[in-house]
Protein chains: 2
Amino acid sequence: MARFTRLSSEDRRAQLMDVALAGLAKGGIQEFTVDRICAAAGVSRGLILHHFGSMAGLLAAVYARLYRDTTPDLPALPPEIRLNALIEGSFSPKSFNRDTLNAWVALWGQIANTPALREEHQRQYQAYLAQVTEAIAALGLQADALPLARSLICLIDGLCLQHCLDPEAMPAETAKAACRAFLAPHLG
Amino acid sequence: MARFTRLSSEDRRAQLMDVALAGLAKGGIQEFTVDRICAAAGVSRGLILHHFGSMAGLLAAVYARLYRDTTPDLPALPPEIRLNALIEGSFSPKSFNRDTLNAWVALWGQIANTPALREEHQRQYQAYLAQVTEAIAALGLQADALPLARSLICLIDGLCLQHCLDPEAMPAETAKAACRAFLAPHLG
DNA sequence: ATCCTTGTTGAATGACCGTACAGTAAGAGT
DNA sequence: ACTCTTACTGTACGGTCATTCAACAAGGAT
């Protein structure tokens, strides 16, 4: 009779990241503690450090997971629908809901003061920016794609922040319309 | 020989808010503790609760102070220069620097999980939105001022977030240009 | 000079924090 | 059936946390 189930390192890591992410979504960074995460996952207190080295390591891993789960894989799509997929994906119920955005904002608040998280952010953002820039450049416009991509990302982030702090003031359709209105002058 | 100086309630509150804000700017929400704030202010540990009731009360007061210190008083300006003043003010060195933005992002991360801060945010944002909407409406355009104001605020917030997380990737001039490019199509 | 309001102190409390680590056991490989 | 790797447990540790509260004193009022 096994006293505990022994998972592969990969599976256990995934479980702990999921549980930690759910905590961040529900209660912000205050929920991100060894006790609460291990209790919610049903494992002992020592397991997080075994798999992630430190709480900062888990935080960085959670950030990467959130990025991967909520940003579309643009290069896999035909060039002409990438921008639309970005907008639809960013404001789809899976990404654009209070819980998920709560986790985003909670993580943003830690980036400046957590070196491991900071490095992970640099990595993820750089890849994300490159994808959006490529999606714009692929349309073959005269405009400079890079600053346009930066601005679009900033607008999306701002809209997400707004929805998180005040959901009824920024519904998904309004947010999509704002992005399209922003892009329209540049797309002719 | 006085063992301590006795300030008016107003002065002591202002001092504690300033010290707390400086801590948020320097080290994020981790610096927002009774011990650190009181030590930095040179007062005893009991004083914060005497003046603010709780740490959440101080947090809400700090948020209001940050809002007041970094947003321009638009109604006091002539209508035709208000939007420009908003952009210049939002990205002036006083507001658009890593420390100040670090405090903003740290506070955003707490809004969803701190009722007192949440209420303060609703108050401040509503007043801010009204001012920006009025600044747009005063120009007498055909466009609907309210959604435009919301989008502009989101863009500004997103640009601030970006600068906070990655300053060199989003200098002030780039941010201003993004705002002007956003507004241009609507201003004719 | 005395009183009174209230700003201020600082110790006490009980809960929670992340990390270290020595020991346990699961389950695949042989 | 045995070994070996390593996932896993759970206590212990030194700090830090917000809050409470009874006592103290500063300084204006009278």
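Owing to the predicted nature of the structure, the values given are computational and were not obtained by experimental measurement. In what follows, chains are A, B, ... by sequence order, proteins preceding strands, each numbered from 1.
Within the structure, the ring-ring contact (aromatic ring centres under 6.0 Å, His included) test picks out the following pairs touching residues 166-185 of chain B (sequence neighbours left out): F182(B)-H186(B). Identified under the ring-ring contact (aromatic ring centres under 6.0 Å, His included) test for residues 69-94 of chain B, with sequence neighbours left out: F91(B)-F96(B).
Rounded to an integer number of Å, the gap from CG of L49(A) to P of dC17(C) is 14 Å. Whole-Å rounding puts the M55(A) CE to dG15(D) P distance at 21 Å. Atom CD1 of I48(B) is separated from atom C1' of dC17(D) by 12 Å (rounded to the nearest Å).
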Contacts under 3.5 angstrom, residues 104-115 of chain B side chains, donor-acceptor by atom type, not counting sequence neighbours:
from: Q110(B); atom 1: OE1; to: Q30(A); atom 2: NE2; distance (Å): 2.7
from: T114(B); atom 1: OG1; to: Q110(B); atom 2: O; distance (Å): 3.0

Please tabulate, one pair per line, all N/O donor-acceptor pairs under 3.5 Å involving side-chain atoms of residues 67-80 of chain A, not counting sequence neighbours.
from: T70(A); atom 1: OG1; to: L66(A); atom 2: O; distance (Å): 2.8
from: T71(A); atom 1: OG1; to: Y67(A); atom 2: O; distance (Å): 2.8

Pairs of donor and acceptor atoms involving the side chains of residues 31-39 of chain A, under 3.5 Å and at least two apart or interchain, shall be tabulated with distances.
from: E31(A); atom 1: OE2; to: R36(A); atom 2: NH1; distance (Å): 3.2
from: T33(A); atom 1: OG1; to: R36(A); atom 2: N; distance (Å): 3.2
from: D35(A); atom 1: OD1; to: R45(A); atom 2: NH1; distance (Å): 2.5

Give every donor-acceptor pair under 3.5 Å between a side-chain atom in residues 160-168 of chain A and any protein atom, sequence neighbours left out.
from: Q162(A); atom 1: OE1; to: Y125(B); atom 2: OH; distance (Å): 3.4
from: Q162(A); atom 1: NE2; to: Y125(B); atom 2: OH; distance (Å): 3.2
from: H163(A); atom 1: ND1; to: P167(A); atom 2: O; distance (Å): 3.4
from: H163(A); atom 1: ND1; to: M170(A); atom 2: O; distance (Å): 2.7

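Using a 4.5 Å heavy-atom threshold, the side chains of K94(B) and T100(B) count as separate.
For R180(B), the salt bridge (charged side-chain N to carboxylate O under 4.0 Å, His left out) partners are E88(B), not counting sequence neighbours. Applying the salt bridge (charged side-chain N to carboxylate O under 4.0 Å, His left out) criterion to R6(B), with sequence neighbours excluded, gives no partner residue. The salt bridge (charged side-chain N to carboxylate O under 4.0 Å, His left out) check on E173(A) picks up K176(A), with sequence neighbours excluded.
Using a 4.0 Å cut-off on heavy atoms, none of the residues of residues 18-40 of chain A approach DNA chain D.
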Expected string for nucleotides 1-9 of chain C under the B/S/- scheme (protein heavy atoms, under 4.0 Å, primed atoms plus P, OP1, OP2 as sugar-phosphate) is ----BBBBB
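With the end axes of the helix from dA1(C)-dT30(D) to dT30(C)-dA1(D) each set by five pairs, the angle from one to the other reads 10° at 10° resolution.
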